[in-house]
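This report concerns only the one structure given below.
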Amino acid sequence: MNEAAWSWEHAAAVLPELLDGLRITVLATVVGMVIASVLGLLVAVVRRSSPRVVTMPIGFLVEFIRSTPLLVQLVFANLLFTQFPSLAIGCVVLGIHYATYMSEVYRAGIDAVPKGQWEAAVALDLPRSRTWGAVILPQAIRNTLPGLGNYAISMFKETPFLFAIAVVEMYTAAQQYGAGTFRYIEAITMAGLLFLLVSYPTSLLVRRLENRLA
């Protein structure tokens, strides 16, 4: 007799493993997001305020990273830096990859700051560090929060790529359960539901923030 197409018993049995995987998924997303936010801001400021001899190689590196697949970057970094844990490598690669996108969000936010703000800072003879830290960046970052939130959601949904470097995040946990029990449908379905339960409310919060800042 064929087994039922859906088994609540297997759905319940896989849940603890998926929750462990979710913990790794959230950890990778949070750490990667911190790296991407800080590095992306640094790249945006350097490209906005540095001479061409500095901005050209940085711009080339940004385009190179954006034009190559995240999966390839993960595997390459894992092969190159074998002395580090795979999870640490995954977090850093996620952070660097998304920093290249977030730098453009930051740069758009910086460009959106009214020209009069720059002129006022010059008129007050503020130091460059003070101009950026007290005048420009607070306004620019406020405008970029929705965009950064959307990239955080995208990063969360791309953590399954960590399977390529043997990090047991949520999707990999589902695959392993399926391989051991030959019950993939419950494991994959439950993993998809957990992704939805995290990403959908977050997307609603980002949309609400975007409307509030509009």
Side-chain angles (χ1 to χ4, degrees), residues 21-50 54-112 137 140-141 143-175 191-192 194-196 198-200 202-203 205-207 209-210:
L22 177 60
R23 179 178 57 84
I24 299 299
T25 296
V26 172
L27 175 63
T29 303
V30 171
V31 175
M33 189 64 187
V34 170
I35 295 172
S37 300
V38 175
L39 183 59
L41 179 59
L42 179 61
V43 169
V45 171
V46 169
R47 295 186 71 182
R48 183 66 171 73
S49 60
S50 300
V54 176
T55 60
M56 282 189 64
I58 292 178
F60 172 79
L61 184 60
V62 166
E63 291 304 319
F64 176 81
I65 293 174
R66 292 178 63 178
S67 301
T68 53
L70 174 60
L71 184 62
V72 174
Q73 295 169 14
L74 285 166
V75 173
F76 179 79
N78 196 53
L79 293 173
L80 189 62
F81 301 105
T82 55
Q83 68 273 31
F84 296 107
S86 295
L87 178 58
I89 292 172
C91 292
V92 172
V93 172
L94 280 171
I96 293 174
H97 184 84
Y98 273 89
T100 62
Y101 293 95
M102 291 185 182
S103 67
E104 295 301 314
V105 176
Y106 282 125
R107 190 159 66 158
I110 292 170
D111 291 340
L137 290 183
I141 292 175
N143 295 329
T144 61
L145 289 177
L148 299 181
N150 286 325
Y151 277 124
I153 296 171
S154 296
M155 185 186 296
F156 176 73
K157 293 188 293 185
E158 289 200 337
T159 53
F161 283 130
L162 296 176
F163 85 92
I165 57 173
V167 174
V168 184
E169 38 62 57
M170 188 160 55
Y171 174 76
T172 303
Q175 287 280 24
L194 286 174
F195 270 111
L196 180 64
V198 175
S199 61
Y200 183 65
T202 306
S203 67
L205 289 175
V206 171
R207 191 178 308 167
L209 179 62
E210 188 173 5

Worksheet, complete the sentence: Note: Gly109 and Asn143 closest approach over all heavy atoms is O-ND2, 4.5 Å

Worksheet item: What class does the angle between the rings of Tyr101 and Tyr151 fall in, given that below 30° is parallel, 30 to 60° is tilted and above 60° is perpendicular?
Response: tilted

Worksheet item: Between Ser37 and Met102, what is the shortest heavy-atom contact and its length?
Response: N-SD, 3.9 Å

Practice prompt. Compare all side-chain heavy atoms of Leu70 with those of Leu94 and state whether any distance is below 4.5 angstrom.
Written response: yes

Fill in: Side-chain heavy atoms of Phe195 within contact of Leu22, under 4.5 Å
no

Worksheet item: Which residue, Leu162, Asn78, Val168, forms the side-chain contact (heavy atoms from CB on, under 4.5 Å) with Ser86?
Response: Asn78

Worksheet item: Shortest non-hydrogen contact from Ile110 to Ala140?
Response: N-CB, 3.7 Å

Worksheet item: Any side-chain heavy atom of Tyr106 sitting closer than 4.5 Å to one from Leu148?
Response: yes

Practice prompt. Calculate, to the nearest 0.5 Å, the distance between atoms CD1 and CG belonging to Ile153 and Leu205 respectively.
Written response: 8.5 Å

Discussion item. Working to the nearest 0.5 angstrom, can you tell me the gap between Ile65 CD1 and Gln73 CD?
Written reply: 6.0 Å

Discussion item. Looking at every non-hydrogen atom in both residues, tell me the closest pair between Cys91 and Val31 and how far apart they are.
Written reply: CB-CG1, 3.8 Å

Worksheet entry | Gap between atom CG of Leu87 and atom CD1 of Ile165 - 0.5 Å precision | 8.0 Å

Fill in: Heavy atoms of other groups near Arg207 CZ, more than 12 under 6.0 Å
no

Discussion item. Side chain to side chain contact (heavy atoms under 4.5 Å, CB included), that's the test. Do Met170 and Ile24 meet it? Break it down for me.
Written reply: CA-CA 7 Å; Met170 188 160 55; Ile24 299 299; over 6 Å; no

Worksheet item: Going through the distances and angles, do Phe81 and Gln83 end up as a side chain to side chain contact (heavy atoms under 4.5 Å, CB included)?
Response: CA-CA 5 Å; Phe81 301 105; Gln83 68 273 31; 4.1 Å; yes

Discussion item. For a 4.5 angstrom cut-off between non-hydrogen side-chain atoms, does Arg48 reach Asp111?
Written reply: yes

Fill in: Min side-chain heavy-atom separation Phe161-Pro69 under 4.5 Å
no

Worksheet item: Just how far is it from atom CD1 of Ile35 to atom NE2 of His97, taken to the nearest 0.5 Å?
Response: 14.0 Å

Practice prompt. Would you please say whether a donor-acceptor pair under 3.5 Å links the side chains of Thr172 and Gln175?
Written response: no

Worksheet item: Is any NZ, NE, NH1 or NH2 atom of the basic residue among Glu104 and Arg107 found under 4.0 Å from an Asp or Glu carboxylate oxygen of the other?
Response: yes

Item to complete: Walk me through it: do Ile141 and Leu41 pass the test side chain to side chain contact (heavy atoms under 4.5 Å, CB included)?
Response: CA-CA 9 Å; Ile141 292 175; Leu41 179 59; 4.2 Å; yes

Worksheet item: Can you find a heavy atom in the side chain of Thr100 that is under 4.5 Å from one in the side chain of Val43?
Response: no

Worksheet item: Atom OG1 of Thr29 and atom NZ of Lys157: how far apart are they, to the nearest 0.5 Å?
Response: 11.5 Å

Worksheet item: Rounded to the nearest 0.5 Å, what separation is found between the OG1 atom of Thr159 and the CD atom of Glu169?
Response: 5.5 Å

Worksheet item: When you look at Leu137 and Val45, which way does the side chain to side chain contact (heavy atoms under 4.5 Å, CB included) test go after all the steps?
Response: CA-CA 9 Å; Leu137 290 183; Val45 171; 4.2 Å; yes

Worksheet item: For the residue pair Ala174 and Ala191, what are the closest heavy atoms and their distance?
Response: CB-CB, 4.0 Å

